Amino acid sequence: MKNRREFVKTALATSAAACLRPLPLWRAAAEPTADSRIEILLDEPQGAISPNIYGHFVEHLGGVVYDGLWVGQKSKVPNVDGLRRDVIDHMKKIKAPVVRYPGGCFADSYDWRDGIGPQEKRPRRTNFWNNADTDKSPANHRFEPNEFGTNEFVHFCKLIGTEPYLAANLRSLPAAEFQHWVEYCNSPAGSTTLADQRAAAGYAEPFDVRYWGVGNESWGCGGNFTAREYAVEFRRYTAWLPIYGQPLSLVASGPGGEEWSWTREFLEEIARKGPGQLRDIYGMSLHHYAWNLSRGKTNDWDKGKGDALRFEPVDWYELLREGQRMEGLIEGHWQAMAEFDRNHHIKLIVDEWGPWYRPGSEATPGDILEQTPTLRDAVFSGMTMDIFNRHAGKVAMANCAQLINCLNSLYLAHEDRFVVTTVGRVFEMYSGHQGGESLRTEFSAPQVHYDRDGQAATFWGLSGSASLRGKNLLLTVVNPHVSEPREAEIVLRGAAFSSGTVTTLSHADLRAKNTFDRREAVMPTTSALPAADRIVHVFPPASVSALALQLR
Ligand code: AHR
């Protein structure tokens, strides 16, 4: 058996060779020689893919809002009304459908009134993420200037054409403040004092905010409740909310990971007051971060994390394994929900997902929870979005954590520097799935075999998802193997295609990343596919691919 260093060397060399060799990555199939097969069953639709599955998350945390999204109206950084122009432009490009705000844990410590009215009069507060516990120097602590609040956030959403999704504070504000926040956002100008305050700030039109989270991680930072206690609070906070022609879609704080008991006990307690109570809930959130790369050695939150940039092939597979757990979480919680909500009125809202590494890869030192995504995170993100697509009937929304200068960010920015990360590039490749009909797609490929501390371990060989919009079929595929390409025969059952393209994101270096200095180190490349009834395509090692096919 090779030692780890030799394995890495060989893996990377093979990977590089595979990427550099001048072979075409596709060919029209004459004989089915491929070792893998992808069958797209056009006659087995699985439900429409909610565009909101491609949603985002912005929290008042580290460099996410200040320096990331918000640079201020007087900044030299190109901006629209104080909002970083590069972010707006790219989010329009990927058709960003929804953004969650203002947290996260921050939400349950936030008074929304601090963030309205004239900016110069807004109070400075201690931010939930003030890093005082890890950094003893007050000079380095992050305080919340409240320059960016509800008005600026909703304005940002309107500029992009995205829906705002606000998370209300259930831990440290009374229920009346939730009602008042809804009133501030949605009541027509002239009707209430709060609407007049909004109009005085330049926003006469109601914000019409539809999506509201009722607390965040209420089992932890959001109040440390049991599921039953939270259910009682949920009923109280939502028993009456004002509606101004804008029905509200309320999202209950759901489990973190495999806590099936949270889902069951919460719904059981809600329904104890009568099954009709369940109808007031639009969705139940689910959070899952892939953080434990210790290969079963520890469950310690700090010790179990891996490094974002320095990793071996085994860490690559471990991260994907941790991410693949998302599929079981969706299936498991969906099943638990059915015990109380037989017709599945309530959907899953995966409003935080992504890898979470130990500190050390920040593009801007001092930005809490900031990490630099690599090719590994691009593959992880493609894999995760394929899982959501495959469960289109269950998942109504998902929000990648977080948009900029944070965990699985699409963008990194500091002052006038800005870069679209490998994760941002994958969002470009997947945006065509939004609103499409998810199609059952069967993947068959040799498994990946790898060494897990002396134990043989396996991972699936190829996976992905397909969707159809009119005559446009989009197939996205992940090849997780660090060094082997996969040649797959792609069969469309019930259709043929007339033209198509394939866009691929890969790199010879597993750790490749886009940075302020090398902004296009990892870029998708697109080429045409020849028309045929069957296609044989070579998926490069460590890659995400998007095949856009025009059907006849
Ligand atoms: O995304 C960072 C934090 O992770 C969020 O604030 C919290 O909800 C979760 O624990």
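As the structure is a prediction and not an experimental result, all values here were calculated from the model. When a ligand or atom number is given, it counts from 1 through the structure's own listing order. This chain uses plain numbering: 1 for the first residue, then up along the sequence.
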Shortest non-hydrogen contact between Thr298 and Asn292, atoms and distance: O-ND2, 2.7 Å
What is the closest protein heavy atom to atom 6 (O) of ligand 1, and at what distance does it sit? Glu59 OE1, 2.7 Å
Atom 8 (O) of ligand 1: nearest protein contact (heavy atom, Å): Glu352 OE2, 2.7 Å
Determine whether the aromatic ring centres of Phe427 and His56 lie less than 6.0 Å apart. yes
Would you say Gln402 has any N or O atom under 3.5 Å from an N or O of ligand 1, going by distance alone? yes
Show me which atoms of ligand 1 lie under 4.0 Å from any heavy atom of Phe57. 1 (O)
Please report the closest heavy-atom contact between Met397 and Asn399, naming both atoms and the distance. SD-OD1, 3.5 Å
Which ligand 1 atoms does Glu217 reach within 4.0 Å, using its non-hydrogen atoms? 7 (C), 8 (O), 9 (C), 10 (O)
Shortest non-hydrogen pair, Pro255 vs Thr263, comes out as CG-OG1, 3.5 Å
Should the proximity of Phe106 to ligand 1, defined as any heavy atom under 4.0 Å, be assigned to the side chain, the backbone, both, or neither? neither
Below the 3.5 angstrom mark, is there an N/O of Cys105, backbone or side chain, next to an N/O of ligand 1? yes
Side chain, backbone, both or neither: which applies to Trp129 and ligand 1 if a contact is any heavy-atom pair less than 4.0 Å apart? side chain
Can you report which non-hydrogen protein atom sits closest to atom 1 (O) of ligand 1, along with the distance? Tyr289 OH, 2.8 Å
Any chance the rings of Tyr101 and Phe148 have centres within less than 6.0 Å? yes
I'd like to check which ligand 1 atoms, numbered from 1 as shown, lie under 4.0 Å from a non-hydrogen atom of Asn216. 8 (O)
Check ion pair Arg100-Glu352 (N to O, under 4.0 angstrom): yes
Using a heavy-atom cut-off of under 4.0 Å, does the side chain or the backbone of Trp353 touch ligand 1, or both, or neither? neither
Could you tell me whether ligand 1 has any atom less than 4.0 Å away from a heavy atom of Phe128? no
Are the aromatic ring centres of Phe106 and Phe128 under 6.0 angstrom apart? no
In Å, rounded to the nearest 0.5 Å, how long is the span from CG of Leu83 to OG of Ser75? 11.0 Å
